[in-house]
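The residues of the chain are indexed from 1 along the displayed sequence. We count ligands from 1, going down the list as the structure has it; atoms in each ligand are counted the same way.
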Amino acid sequence: MPPETPKRKGRTIEQRSIDPAAQAMLIRADELGLDTAFTRAEQMAPCPIGANGTCCRVCFMGPCRLVKDGQTGVCGATVETVTARNFARAIAAGAASHSDHGRDLAFTLLAVAEGEAQGYKIRDPFKLKKLAEELGIPTDGRPVSELAHDVGEKCLAQFSQQRGEIAMIERAPKKRKELWRKLKMVPRGIDREIVDILHRTHMGDDQDPEHILAQGMRAALGDGWGGSMIATDLSDILFGTPSPLVSQVNLGVLRKDEVNIVVHGHEPTLSEMILAATSDPELVSHAKEKGAKGINLAGICCTSNETLMRQGVPSAGNFLHQELAIITGAVDAMVVDVQCIMQALPNLAQKFHTHVITTSPKVKITGAIHIEFDEHHALDIAKEIVRKAIDNYPNRGEVNIPDVKSDVVPGFSHEYINYMLGGSYRSSFRPLNDAIMSGRIRGVVADVGCNNPRTTQDASHEYLVREFLKNDVLLVETGCGAIASGKYGYLLGEAAMQWAGPGLREVCEATGMPPVLHMGSCVDNSRILTVLSQVVAEGGLGEDISDVPAVGIAPEWMSEKAIAIATYCAASGAYVIMGISNPVEGSPVVTDVLSRGWEEMVGGKIEFVVEPEEMVRRALGHIDKKREALKLPAYDPERFGRSGDWRVLELEQLSPEERAEALYGQPASGD
Ligand code: SF4
Ligand code: MSK
């Protein structure tokens, strides 16, 4: 007799996720009576006061819940001040997470330079030299290790810079820098900006919502153009600048007959060493002794994006797959570093055989095994972890891996996009700018960010991508949104033939690029800032990021990092739409400051929109408005699409006579 399926209130499986692999595991979880984030979200209604930003707990005269019109906290704080403070504190936490990740990479680079980082080397010395030049470090005739040392030290100093402008804002368009300078918004080091937020939002400090939020923008810029940008650059220098490769995503990448190790979190530092350890001959033969055919590494979340785009390590899925991977019964070790790791994992893992292994000095979880990472002994630690996973393989119970996976082509760094569009000898964004100017590409949308169990997993990401492609909008993606696109076949060149409008399809045919470009992890949204700046520098699309027909959307966001990203994009001039709910809904004034107020001030804004159809309508409206302001031809799909491969396919359908008529305007002459 099969176990009786427990009766649960809540959503149907299809309302929880559109992903067939997730659906299969959610059915399995229900059969086994297991809770997941999906069911917990159904059981836990969000606190309405916290959800709309009107709960203040910054001092112990409170917490104060502002629920009535005109109500203030014990200190007299208004709903505007409370919502603005909460939003600014979320920016601080999000920016801290990204930027601290960048700092750790600077320490790793220094350890490599000093020959003390076991197993690492500089994989992109050209990018190292370029960054050194940008940071004003002499490069002529100097060995790589010296450059790495100076770059590491200079980057570290960026985090704690107390006065003056951080270096990387020089990458922004001239007009943008002038605006930031005029507004006194150019960030100092991120540590200083975050401390400033925490100080001014302490009880009894800054109480002007616009003023609080302006500091929120400054700190977010310190992340986007500072900490995150450093993280991206140093990851490329240490682990290689991504270029396209072929891999696969979804739970079907787990293997029944091999030891499965899943790396989850955000940092590539340890996972790169675990990858190296999985091919260690001694460990491979140890796995065979235990009855496995080999060792299989897969990723979840943004650690996955890091290893997927550089090494082609397959991805077992995005944020909401972390528990589902364990429910397959096939994960011998889930190795986590930092950010987006659910505390539910060790408890769930106990029901199976999975070891949850924490590795960051910053992250311990009760019930998990802690094997602390130290870059000085990285390979030894990685081998210890891999051995632990192998030893756990014989403890497996029933295994249920859904046979669902999709091919993907990730790895579009801004350097590669530049090269791909411009050719080997003269890399350039000119073809992209020309395609936008001609209307072949209507505009660009960055679909980024998380999954959130309060909405159907992947449904908004998938819908937005399909609709934008139909409307000739090029997509760039990072984070869990990028993995979502991979699951549904959008990260492939063929996607252009199937889904893209006529103009975008022509561009993809000419360049061979997919219509949806995977640009990395959530910290790599800094790459999108760089692309936008380079598009402006190329000419023809205005003088500032705010002129470019581009929109950023995080339809299923859940983390504070998403708020930091949205804020640095808006402060850089971009229109940003966030789904799920409005975290400042309790204050129409603050909602208006983030949208109309910021648009007047910095040319970019954040709007909170729940319905995906409305996100598409607003995004296309914004793109068309920007096209009009640039005096570009109005978008007209009828003008394009009868060329390239499409034309060949069309001609192949015709008889020889019809083909001759179509090509030469007269029937074939016969013999
Ligand atoms: Fe209440 Fe004011 Fe304290 Fe906030 S700062 S908890 S509103 S007394
Ligand atoms: S992992 S921050 S759920 S994108 Fe970067 Fe995904 Fe969002 Fe975490």
Side-chain angles (χ1 to χ4, degrees), residues 37 49-50 53-67 71-86 89-90 93-98 101 200-207 212 223 228 231-232 263-268 299-309 315-322 336-342 446-455 457-458 460-461 477-486 518-526 552-566 578-580 586:
I49 307 159
T54 58
C55 174
C56 182
R57 45 189 304 277
V58 304
C59 93
F60 291 84
M61 294 188 284
C64 298
R65 299 172 305 157
L66 309 189
V67 290
Q71 194 177 14
T72 65
V74 173
C75 67
T78 62
V79 75
E80 290 77 27
T81 301
V82 168
T83 48
R85 277 199 300 229
N86 286 337
R89 285 190 161 214
S97 308
H98 277 148
H101 168 171
R200 77 174 60 207
T201 58
H202 182 274
M203 193 271 150
D205 280 310
D206 199 355
Q207 288 150 41
I212 293 168
D223 175 24
S228 280
T232 296
V263 285
H264 166 29
H266 280 78
E267 294 182 344
I300 294 261
C301 270
C302 283
T303 300
S304 178
N305 280 314
E306 299 279 356
T307 48
L308 173 73
M309 70 177 168
S315 172
N318 41 8
F319 175 64
L320 285 176
H321 273 37
Q322 55 189 288
V336 303
D337 48 64
V338 293
Q339 304 164 23
C340 303
I341 299 146
M342 291 190 195
D447 172 71
V448 301
C450 324
N451 284 147
N452 187 322
R454 300 230 169 263
T455 187
Q457 185 196 16
D458 296 345
S460 304
H461 286 299
E477 300 203 324
T478 59
C480 291
I483 298 175
S485 276
H518 177 293
M519 294 190 72
S521 64
C522 45
V523 89
D524 290 328
N525 282 301
S526 59
I553 309 184
E556 301 180 26
W557 71 282
M558 64 87 201
S559 78
E560 291 169 311
K561 288 182 293 168
I563 290 186
I565 295 165
M578 300 188 82
I580 303 294

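- Ligand-side atoms of ligand 1 in range of Gly73: 7 (S), range being under 4.0 angstrom from any heavy atom.
- Nearest protein heavy-atom contact of atom 1 (S) of ligand 2 is His266 NE2, 3.2 Å.
- The Gly62 neighbourhood of ligand 1 comprises atoms 6 (S), with distances under 4.0 Å to a heavy atom of that residue.
- Leu320 is listed as a side-chain neighbour of Pro453, based on a closest heavy-atom distance under 4.5 Å.
- Among all non-hydrogen protein atoms, the one lying nearest atom 1 (Fe) of ligand 1 is Cys64 SG, 2.3 Å.
- Atoms of ligand 2 found under 4.0 Å from any heavy atom of Gly449, numbered from 1 in the order shown, are 4 (S).
- Annotation for ligand 1: atoms under 4.0 Å from non-hydrogen atoms of Arg85 are 4 (Fe), 5 (S).
- Residues Asp524 and Met309 share a closest heavy-atom pair of OD2-CE, 3.1 Å.
- In summary, no N, O or S atom of Cys56 is located under 2.8 Å from atom 1 (Fe) of ligand 1.
- Within the structure, the closest approach of Met558 to ligand 2 falls below 4.0 Å when heavy atoms are considered.
- Ser526 is not listed as a side-chain neighbour of His98, based on a closest heavy-atom distance of 4.5 Å or more.
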Going through the checks in order, is the side-chain contact (heavy atoms from CB on, under 4.5 Å) test met by Thr78 and Thr81?
-> CA-CA 5 Å; Thr78 62; Thr81 301; 3.2 Å; yes
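- Of all the atoms in ligand 2, the ones that sit under 4.0 Å from a non-hydrogen atom of Phe319 are 3 (S).
- Looking at His321 and Asn451, their side chains never come closer than 4.5 Å, going by heavy atoms from C-beta outward.
- Taking only non-hydrogen atoms, the option from Cys480, Ala562, Cys522 nearest to atom 6 (Fe) of ligand 2 is Cys480.
- For atom 3 (Fe) of ligand 1, the nearest non-hydrogen atom of the protein is Cys59 SG, 2.4 Å.
- Remark: Arg65 CZ is loosely packed, at most 12 non-hydrogen atoms of other residues, nucleotides or ligands lying under 6.0 Å away.
- Those atoms of ligand 2 with a heavy atom of Cys301 less than 4.0 angstrom away are 1 (S).
- When non-hydrogen atoms are compared, ligand 2 lies under 4.0 Å from the side chain of Ser559 (C-beta onward) but not from its backbone.
- At a heavy-atom distance under 4.0 Å, atoms from both the backbone and the side chain of Cys450 approach ligand 2.
- Neither the backbone nor the side chain of Gln207 has a heavy atom within less than 4.0 Å of ligand 1.
- Looking only at heavy atoms of the protein, atom 8 (Fe) of ligand 2 is closest to Cys340 SG, 2.2 Å.
- Residues Ile563 and Trp557 meet the side-chain proximity criterion, which asks for heavy atoms closer than 4.5 Å.
- Atoms of ligand 1 lying under 4.0 Å from at least one heavy atom of Cys75, given by number and element, are 2 (Fe), 5 (S), 7 (S), 8 (S).
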Go through Ser485 and Glu477 one step at a time and tell me if the side-chain hydrogen bond (donor to acceptor under 3.5 Å, both in side chains) criterion holds.
-> CA-CA 8 Å; Ser485 276; Glu477 300 203 324; 2.5 Å; yes
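- Close contacts of ligand 1 with Met203, meaning ligand atoms under 4.0 Å from a residue heavy atom, involve 5 (S).
- At a threshold of 4.5 Å between non-hydrogen side-chain atoms, the residues Asn305 and His518 count as touching.
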